[in-house]
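Encoded as structure tokens, the structure appears first; notes follow it.
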Amino acid sequence: MKKLLLLILFFTSSFFFSYAQKYKDKYINDASKTALSWLNDINHESYESAYNGLAKENKNQYPKEIWIKLINELMIEFGKLNSRSIISKNFKSSIEGIEDGFYVLLEFKSDYKKTKNHKEFIILKQNDQTNWVILDYNYEFNSLEQFPILSD
């Protein structure tokens, strides 16, 4: 009888784990598409569309005109995008300092004309309409000006 109960427990937990994994993968896939579309808007100077994809926390922090000016200046600093690829993606239901919810963290390796060793980081959250929105965008890179031989 104990073996039967253990078998039932094992199959039940396996079922729920695979069910949860299926939804986790779907969330990551859907959020990744949203992030790539958002980045594409920025790289093609569709700044108003990109602004509309921000979480309301960001919109409350930056009026549209200011955000568009800042992101435009940033894209001028980066230069033209040559390529981008996702190098990590993670789903989280909690992030320290932020209310619990559904979050996807993405890291991209990006190749811009005016930067070297460029990485972009995006945190997306699912809003109350179950849409993925951009909660945070960060980046790190070295300027080609630091490497004069490479910038010629």
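Along the sequence shown, residues are numbered consecutively beginning with 1. This is a predicted model, so every value here is computed, not measured. What you see below is based on every heavy atom in this structure, not just the backbone, and it leaves out hydrogens, waters and symmetry mates.
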Problem - Between Y27 and Q126, a side-chain donor and acceptor under 3.5 Å - result: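 Note: Y27 and Q126 side chains miss the donor-acceptor criterion.
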Problem - S32 side chain vs I28 backbone, donor-acceptor pair below 3.5 Å - result: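 Flag set: sc S32 to bb I28 pair under 3.5 Å.
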Scan the side chains in residues 85-99 for donor-acceptor partners under 3.5 Å anywhere in the protein, sequence neighbours excluded, and list what turns up.
from: S88; atom 1: OG; to: E107; atom 2: OE1; distance (Å): 3.4

Could you tell me which residues satisfy side chain to side chain contact (heavy atoms under 4.5 Å, CB included) with [X], sequence neighbours excluded, listed by chain and number?
| X | result |
| --- | --- |
| A35 | L106, F108, I122, L124 |
| N138 | F121, D136 |
| K59 | Y51, L54 |

Handout entry: Hydrophobic cluster identity match, V104 and I134, side-chain contacts under 4.5 Å
Key =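 Yes.
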Practice task
Answer yes if L135 and L39 sit in the same cluster of Ile, Leu, Val, Met, Phe, Trp and Tyr residues linked by side chain heavy atoms under 4.5 Å apart, and no otherwise.
Solution key: no
Distance check, rounded to the nearest 0.5 Å: [X] atom [atom1] versus [Y] atom [atom2]?
| X | Y | atom1 | atom2 | result |
| --- | --- | --- | --- | --- |
| N82 | H118 | CG | NE2 | 11.5 Å |
| N117 | S110 | CG | OG | 12.0 Å |
| W38 | N52 | CH2 | CG | 12.0 Å |

Completion exercise
Residues passing the side-chain hydrogen bond (donor to acceptor under 3.5 Å, both in side chains) test with E57, sequence neighbours excluded, are K125
Please tabulate, for the side chains in residues 67-81, all donor-acceptor contacts under 3.5 angstrom to protein atoms that are two or more places apart in sequence or on a different chain.
from: K69; atom 1: NZ; to: E73; atom 2: OE2; distance (Å): 2.6
from: N72; atom 1: OD1; to: Y47; atom 2: OH; distance (Å): 3.2

Handout entry: Validation row: K116, F141 side chains within 4.5 angstrom (heavy atoms)
Key =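 K116 vs F141: side chains apart.
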